[in-house]
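The structure under discussion appears below in the form of structure tokens.
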Amino acid sequence: MTESVFINSFKLAGIQRNGPSSFNQDPSAGGEFSNKLWHEFIDKVIAAGISLNQDMYGVSWPADDQTPPQLITYFCGFKSDEKVQGFDLLEVHGGNYFEYRYEGYAVDIDKGFQDAYMNAFPASGLKARSGQHLELYGEEYDPNAPISIFKILIPAEWHSKVELTYVRGKQL
């Protein structure tokens with residue numbers, strides 16, 4: 001299921017690295033990069049005594065000038081209004097997003113991103129805007145399950161004030 005949503009700004013505590021995107025010439029490079037970074041992040045969260053029982057976020061933005069980007073800056077984090085010792089702090093900029101719900105095999109995660117960006121988003125009729133790309137690993141996500149369920153949020157522009165009148169069925 002996909003929909004348009006508005007996200008308010010918030011802050012994340014986490015770690016950040018540059019690496020290949022899911023659109024890199026090596027089809028598995030993006031997934032391997034993010035998987036390695038997530039494991040590093042989770043180990044650091046556990047070592048700091050911080051609960052894993054909370055929403056986790058992946059945030060990315062292009063690290064090159066190619067379209068689609070071959071390299072990204074990627075941030076793994078959890079919500080925090082203030083700096084947490086040993087972690088970087090990132091401001092997530094609010095705005096309009098196209099929301100894509102991924103439900104598929106964990107080993108095929110790059111295919112999920114490609115479907116979100118190459119098929120579902122263009123079919124939505126929305127236009128891309130610059131901004132941070134988000135992943136939300138909420139209560140449906142189980143890192144030990146063969147099937148991954150999470151949300152991919154793509155920065156989007158809405159075309160008219162009429163479209164901004166309702167978000168998730170709620171009047172603005």
Side-chain angles (χ1 to χ4, degrees), residues 1-12 14-42 55-79 88-138 140-141 143 145-160 163-164 167-168:
M1 185 174 138
T2 59
E3 59 183 301
S4 300
V5 297
F6 180 84
I7 306 264
N8 290 313
S9 296
F10 59 94
K11 294 179 183 173
L12 296 173
I15 63 173
Q16 174 179 307
R17 304 281 185 278
N18 287 347
S21 76
S22 293
F23 302 99
N24 191 279
Q25 293 175 357
D26 176 351
S28 62
E32 290 171 6
F33 162 67
S34 63
N35 186 34
K36 182 179 175 185
L37 189 58
W38 274 105
H39 279 88
E40 179 184 340
F41 171 68
I42 297 300
D55 290 348
M56 298 289 177
Y57 293 82
V59 182
S60 63
W61 55 95
D64 64 27
D65 292 331
Q66 296 184 29
T67 303
Q70 298 298 295
L71 296 173
I72 58 168
T73 300
Y74 192 78
F75 188 96
C76 302
F78 55 88
K79 280 189 177 180
D88 299 321
L89 194 62
L90 176 72
E91 174 83 23
V92 175
H93 307 288
N96 302 323
Y97 284 86
F98 170 78
E99 182 180 284
Y100 176 90
R101 184 176 185 269
Y102 176 75
E103 184 170 350
Y105 292 108
V107 296
D108 290 335
I109 198 166
D110 281 331
K111 290 179 186 175
F113 281 97
Q114 290 171 359
D115 184 49
Y117 282 90
M118 306 307 272
N119 299 318
F121 183 71
S124 74
L126 297 173
K127 291 184 181 181
R129 67 172 175 83
S130 63
Q132 299 158 314
H133 298 249
L134 309 176
E135 302 156 24
L136 171 57
Y137 300 91
E140 288 185 303
Y141 181 74
I147 300 294
S148 290
I149 302 171
F150 65 95
K151 294 177 182 174
I152 298 170
L153 298 141
I154 302 171
E157 290 181 4
W158 286 323
H159 305 293
S160 69
E163 289 178 282
L164 291 174
V167 176
R168 289 190 175 192

Going by heavy atoms in the side chains, are L71 and N18 under 4.5 Å from each other? no

Less than 4.5 Å apart, side chain to side chain, heavy atoms only: is that true for D55 and K79? no

Of all heavy-atom pairs between A106 and A145, which one has the smallest distance, and what is that distance? CB-O, 4.4 Å

Cut-off 3.5 Å, side chains only: do D115 and Y102 have a donor facing an acceptor? no

Which atoms form the tightest heavy-atom contact between P155 and S130, and what is the distance? CB-O, 4.2 Å

With distance as the sole test, does Q16 use its side chain to make a donor-acceptor pair with the main-chain N or O of V59 at under 3.5 Å? no

Could you go through the side-chain contact (heavy atoms from CB on, under 4.5 Å) check for M56 and C76 one step at a time? CA-CA 7 Å; M56 298 289 177; C76 302; over 6 Å; no

Taking atom CZ of F10 as the centre, report whether more than 12 heavy atoms of other residues, nucleotides or ligands fall under 6.0 Å from it. yes

Can you see which heavy atom on G14 is nearest to which on F75, and at what distance? N-CZ, 3.4 Å

Run the side-chain contact (heavy atoms from CB on, under 4.5 Å) check on R129 and Y97 step by step: do they pass? CA-CA 9 Å; R129 67 172 175 83; Y97 284 86; 3.4 Å; yes

Where L126 and S4 come nearest, the two heavy atoms and their spacing: CD1-OG, 3.3 Å

Using the six-membered ring wherever Trp is involved, compare the ring planes of Y117 and F23 and label them parallel, tilted or perpendicular (cut-offs 30° and 60°). perpendicular

Rounded to the nearest 0.5 Å, what's the gap from OG on S21 to NE2 on H133? Could you check? 10.5 Å

If you take all heavy atoms of D64 and Q70, which pair is closest and at what distance? OD2-N, 2.9 Å

Sorted by first residue and then second, give each salt bridge (Lys or Arg N to Asp or Glu O under 4.0 Å) pair with at least one member in residues 30-42; sequence neighbours left out. R17-E40

First locate atom NZ of K127, then atom CG of N96, and finally report the distance between them rounded to the nearest 0.5 Å. 14.0 Å

Can you list the steps and then say if I147 with Y105 is a side-chain contact (heavy atoms from CB on, under 4.5 Å)? CA-CA 4 Å; I147 300 294; Y105 292 108; 3.6 Å; yes

Output for pair (I152 CD1, L136 CG), nearest 0.5 Å, gives 11.0 Å

Nearest 0.5 Å, what's the OG1-CG distance between T73 and L90? 10.5 Å

Let me confirm one number: the CZ-CD1 distance from F150 to I109, rounded to the nearest 0.5 Å. 3.5 Å

Measure up the W38 and Y74 rings against each other and bin them: parallel (under 30°), tilted (30 to 60°), perpendicular (over 60°). perpendicular

Would you compute the distance between atom OH of Y57 and atom NZ of K151 and round it to the nearest 0.5 angstrom? 9.5 Å

If you take all heavy atoms of A116 and I154, which pair is closest and at what distance? O-CD1, 3.9 Å

